[in-house]
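Step one of this worksheet: look at the structure below.
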Amino acid sequence: MTYDVVIVGAGVTGASIARELSRYRLKVLVLEKEAEPAFGVSKSNSGIIHAGTQNPPTSLKGWLCVEGNRLMREEIAPDLGLNFVQCGQLVVIFDEADRPGLEKIKKEGEELGVRGLKLVDRAWLDANEPELGPEVKAALLVPSAGIVSPYRYVYALIENAVKNGVELRTLAKVTAIARVQKGGFYVEASGRVYETRFLVNAAGLYADEISAMAGAPTFRITPRKGEEYLLDKKREHMARRIIFPMPTAESKGILVIKTSDGNPMIGPTASDTQDKEDLSTTDEGLAEVLRETRRLMPTVSKSDIIAYFSGLRPVSGKDFIVRCEESAPGLVNAAGIQSPGLTAAPAIAVMVAGILKERGLALAPKEQFHRLRRRPAHLFQVPLEETRRLIEKDPAYGDIVCRCELVSAQEVRDAIKRGARTLDGVKFRTRAQAGRCHGGFCTTRIMKIMQEELGLSALEITKRGPGSELIKDDRK
Ligand SMILES: Cc1cc2nc3c(=O)[nH]c(=O)nc-3n(C[C@H](O)[C@H](O)[C@H](O)COP(=O)(O)OP(=O)(O)OC[C@H]3O[C@@H](n4cnc5c(N)ncnc54)[C@H](O)[C@@H]3O)c2cc1C
């Protein structure tokens, strides 16, 4: 099969590029090794749409972050029905001696084009962010920062790309790439070979391996682990904005994070590792996160923690790599997409489309590009009146499957219709199993619905793809 563009990876970077290219008359294929999109780095992050501050003004990632933030606010969120909340952020200082550093962040942010930055004093903070710790002296207010559900963001992008003609193959791990003599590549994934004129590498932690396979061993990815701790929804209003300390050389620091689904989060840590699969959390990580966030907000308590996870930032040097590789004509790398990759993704996508055009790919707009996507109904996000209306229309909205997070049978069915094939896929799309009981009460019910909708036996249902089946048949 011959394609104009094959994209490796269905995280936020690959999904954004797929959606961007779906505007044009092209044959585009996305290959993803996992059972579903958004199962890589894009599922384990803070969900912040950064404003662009805390990046060097000359960096590619700084510029792409500011543009990505604008695209999210003005186009992506309204067009794809995302629950993006522009809550703003504060970068706080504990010591007056750090004030010049804060002013430097403001100046550099303004150079990058971040608007509305303002230094605020303790009196302002007392009135607007009353739970901040007594050590906090002043802060930089950054109004354009916001929050989004990272997985629902990726699913919206991919769904819309597929609606516009992009092909998506999951459980398709790219294992070999060969050059075609007349130009382009043969890409082998899970036993099938695809021919393509252009290859876009958005493989996250494995982008160095894909680039090397295609003939450009030009960089290495080092994972930088971040542990995050999710708090009970009862702490939803402890912070009104995302609270940052002054950044360190490795990261933006350990934060108090609002999330678009209500549960606040604390973290992430930042430590380099060699293992691209090590998603463990540690006692030391927890102690560090509690110590640092209690300085920001002393009311943070260990007993508020209901879940924890870690994510691995795909780091290669200090900046993103978005370029074509001269040693492998036709290859475009979108690699080293560490933080703020979730924010920058739509701008990276526009940049990649531009590079492909420069390299000879004709970008002829489609006669009909379906720009809009209807927002799926989520009971936990709508007022009671709207819930009543939904139930009147369809009683399955009144059949509550997940009581911790208020998710109905209809939402689970809808998630499956939109592509969920695993229990995690249902969780990321609906929040069913994401509450305090971690699916203790709802998993069997969700499995039953999956059996009905997908025609599977209970033995075939997995948590996150082959090898994670929940029920084992001992007779075999
Ligand atoms: C702890 C933490 C917090 C963060 N917080 C934020 C934040 O608040 N805001 C922000 O903007 N950014 C944040 N980031 C960064 C952000 O999460 C990443 O920049 C972004 O998710 C990277 O997306 P990606 O699509 O490039 O990679 P991924 O999501 O990893 O996607 C790559 C995909 O490629 C697939 N793949 C790999 N190898 C192959 C192969 N051989 N064949 C087929 N498929 C393959 C993988 O399975 C994966 O799905 C954070 C990161 C971490 C770790």
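In this chain, numbering begins with 1 at the start of the sequence shown. Start at 1 and go down the list; that is how both ligands and their atoms are numbered. Side chains included, hydrogens not; waters and symmetry mates left out as well; all remaining heavy atoms used.
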Task: Non-hydrogen side-chain atoms of Pro466 and Leu171 separated by less than 4.5 Å - done: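 Sidechains of Leu171 and Pro466: in contact.
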Are [X] and [Y] ion-paired here, with the side-chain N under 4.0 Å from a carboxylate O?
X      : Y      : answer
Lys107 : Glu103 : no
Lys43  : Asp424 : no
Glu167 : Lys27  : yes

- [ ] Report yes or no: is the cationic atom of Arg464 (NZ for Lys, CZ for Arg) closer than 6.0 Å to the six-membered ring centre of Phe39, at no more than 45° off its axis?
- [x]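 No, Arg464 does not sit over the ring of Phe39.
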Open item on the list: Using 30° and 60° as the class boundaries, would you call the ring planes of Phe428 and Tyr151 parallel, tilted or perpendicular?
Closed with: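 Parallel.
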Open item on the list: Give the residues near ligand 1 by chain and number, with the criterion being a heavy-atom distance under 4.0 Å.
Closed with: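 Those residues closer than 4.0 Å to ligand 1 by some heavy atom are Val8, Gly9, Ala10, Gly11, Val12, Thr13, Leu31, Glu32, Lys33, Glu34, Gly40, Val41, Ser42, Ser44, Asn45, Ser46, Gly47, Ile48, His50, Ala172, Lys173, Val174, Ala202, Ala203, Gly204, Tyr206, Ile210, Gly226, Glu228, Pro268, Gly311, Leu312, Arg313, Ile337, Gln338, Ser339, Pro340, Gly341, Leu342, Thr343.
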